Amino acid sequence: MPAERFDFRNTEGHQLAALLDRPDGPVRATALFAHCFTCGKHNRAARRIAEGMKLHGIAVLRFDFTGIGASEGEFANTTFSSNVDDLVAAADHLRTVLKAPALLIGHSLGGAAVLAAAHRIPEVRGVVTIAAPFDPAHVVGLFGEKIHEFSDKEEVEVTLAGRPFRVRRSFLDDVNQQNLGARVNSLRKALLVFHSPTDDTVGIENASHIFTAAKHPKSFISLNGADHLISDSNDAAYIAHVISAWSERYLDMAPNAMFDPDTEEGTVLVRETGSGKFQQEIVSGPHRMLVDEPAKVGGMDSGPGPYDLLLAALGACTSMTVRLYADLKQIPLSRTSVRLRHEKIYATDCAECETKEGKIDRIDRAITFEGDLSPEQRKRLIEIADKCPVHRSLGSEVHIHTVERPLRTSE
């Protein structure tokens, strides 16, 4: 299901543009997402995290702060405090239309904003920060040499992320008056802190200050190798997965709500999400994941491709089969890893193949066995690998019976 429009008005009467990523099944919890400074609700990290969380039954509202994106108002008139007010207004609207947020998530300066807003939203049970500064005034460093112009000007044009913004001295005065440490110390909510040790925009010491100031329950996750904007889709997917799992403990989420009521045991459901050109959601019992295509062919690269899953199925079955045999025969195999590649080749290039014309599918499988194994044991394990059930299915005739299934109201 694509994100739905969810606009609302703030305390100043401005209409703020919002999107709600709602699960296809029951809503297990509701979250409110605050984007990074000047980013907007369409920021890739915000979108990818929201899409990942809805697969776990968590509805996520993301919106443009006043003066950003499609929201009304002038950015020059905003402050850190007004952003916090916008968050509270979003929570108030969620409360009347769907359900008050139990979870606040903030990226960069949005992380500082959710920490400041948490005490004003009584239903909030957990707060998540991603690459957040401990001191909101940290954002002033983005103004560069322009900061000196505020000494004799009330308003200055600064360039942020390649775009011009008008900033007033009142913004600087407001962030300099914030005492986020006191808010964190009195948070009284479960806290999850994400930060990359290689973040060159907001240093890792900010996460340390937030974590140290907070009382338990609190958790810290290091996003090793991630950049400040979480531009890698794999990092965003990881964040969404960890937040969803962490929420199970602190948000009183019903564990069985993840099961699709129309998918019986042994059936795998694949359906379009409505996001992007190719993105699909896979539902297998309580397990959900995204399938997509790379950006170079028009996808969003939000998940593995169909052939990646085919290779994964063969690789997993191979490793499992080898493990069962090694344990049965008490072979000292400590670990198995399987690397696979798929390609189309001309049939004439395959001497052992029955097909002699056109192209055929070829899968290269390289297996690594770890352990003190004899040459005979290694040879036997290779033979066993060829006997895995998925291998046999791929190598035999497969009949696929296709019918049209009528749409049900639950879908």
Side-chain angles (χ1 to χ4, degrees), residues 1-6 8 18-35 41-63 87 90-107 110-111 114 117-118 121-130 189-194 217 219 221 230 233 235-261 263 269 271 273-275 279-290 302-303:
M1 179 186 299
E4 60 187 71
R5 288 195 59 173
F6 200 83
F8 63 96
L19 291 173
L20 179 66
D21 290 274
R22 188 196 296 261
D24 291 325
V27 176
R28 307 174 66 206
T30 305
L32 183 55
F33 193 105
H35 59 72
K41 64 182 181 298
H42 292 292
N43 169 261
R44 283 186 297 177
R47 174 175 54 80
R48 288 166 174 168
I49 292 171
E51 290 174 348
M53 291 179 61
K54 79 175 185 179
L55 299 180
H56 295 268
I58 302 175
V60 182
L61 180 70
R62 45 194 167 102
F63 69 96
L87 275 168
D92 290 341
H93 191 61
L94 266 174
R95 184 183 296 109
T96 59
V97 178
L98 180 62
K99 188 178 182 180
L103 184 64
L104 298 181
I105 307 168
H107 179 201
V114 297
I121 308 172
E123 296 89 347
V124 169
R125 302 287 300 277
V127 178
V128 179
T129 66
I130 306 167
K189 321 280 186 185
L191 176 65
L192 176 59
V193 178
F194 289 95
S219 305
I221 300 293
I230 316 298
S233 60
D235 292 328
Y238 173 73
I239 290 171
H241 178 75
V242 173
I243 293 175
S244 301
W246 177 84
S247 297
E248 296 276 352
R249 177 177 291 272
Y250 298 109
L251 304 191
D252 295 329
M253 298 165 64
N256 292 328
M258 287 176 61
F259 287 86
D260 191 288
T263 305
L269 172 65
R271 59 191 172 197
T273 66
S275 296
Q279 191 185 75
Q280 310 287 319
E281 177 189 15
I282 295 178
V283 182
S284 177
H287 310 294
R288 298 181 182 228
M289 68 178 298
L290 292 177
S302 59

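In this text, all values refer to a predicted model and were calculated from it rather than measured experimentally.
- Side chains of Arg47 and His35 form no contact here, defined as non-hydrogen atoms less than 4.5 Å apart.
- Using a 4.5 Å heavy-atom cutoff, the side chains of Ile221 and Trp246 are not in contact.
- Between Val124 and Val114 there is no side-chain heavy-atom pair separated by less than 4.5 Å.
- A distance-only check finds no donor-acceptor pair linking the side chain of Arg125 to the backbone of Ala102 [under 3.5 Å].
- Leu61 has its side chain out of reach of Pro101: every pair of non-hydrogen atoms, C-beta onward, lies at least 4.5 Å apart.
- A distance of 9.5 Å separates CG in Leu20 from CZ in Arg62, rounded to the nearest 0.5 Å.
- We find the CE-OG distance between Met289 and Ser302 to be 10.0 Å, quoted to the nearest 0.5 Å.
- Nearest heavy atoms, His93 versus Thr96: O-OG1, 2.9 Å.
- When side chains are defined from C-beta on, His42 counts as touching Leu19, because their heavy atoms get closer than 4.5 Å.
- The shortest distance between side-chain heavy atoms of Phe33 and Asp21 does not fall below 4.5 Å.
- The CZ atom of Phe194 sits 4.5 Å away from the CD1 atom of Ile243 when rounded to the nearest 0.5 Å.
- The nearest pair of heavy atoms linking Leu87 to Ala34 is CD2-CB, 3.9 Å.
- Between the CD1 atom in Ile121 and the CZ atom in Arg95 there is a gap of 7.5 Å [rounded to 0.5 Å].
- The CG atom of Leu191 sits 11.0 Å away from atom CG of Leu104, with the distance rounded to the nearest 0.5 Å.
- Looking at Ile282 and Gln280, their side chains never come closer than 4.5 Å, going by heavy atoms from C-beta outward.
- For His241 and His56, the distance between ring centers is under 6.0 angstrom.
- Around the CZ atom of Arg44, the shell of radius 6.0 Å holds no more than 12 heavy atoms that belong to other residues, nucleotides or ligands.
- Nearest approach of Gly57 to Pro23, heavy atoms of both residues: C-CG, 3.4 Å.
- In this structure the side chain of His107 never reaches within 4.5 angstrom of the side chain of Ile49, judged on heavy atoms.
- The OG1 atom of Thr30 sits 4.5 Å away from the CG atom of Leu98 when rounded to the nearest 0.5 Å.
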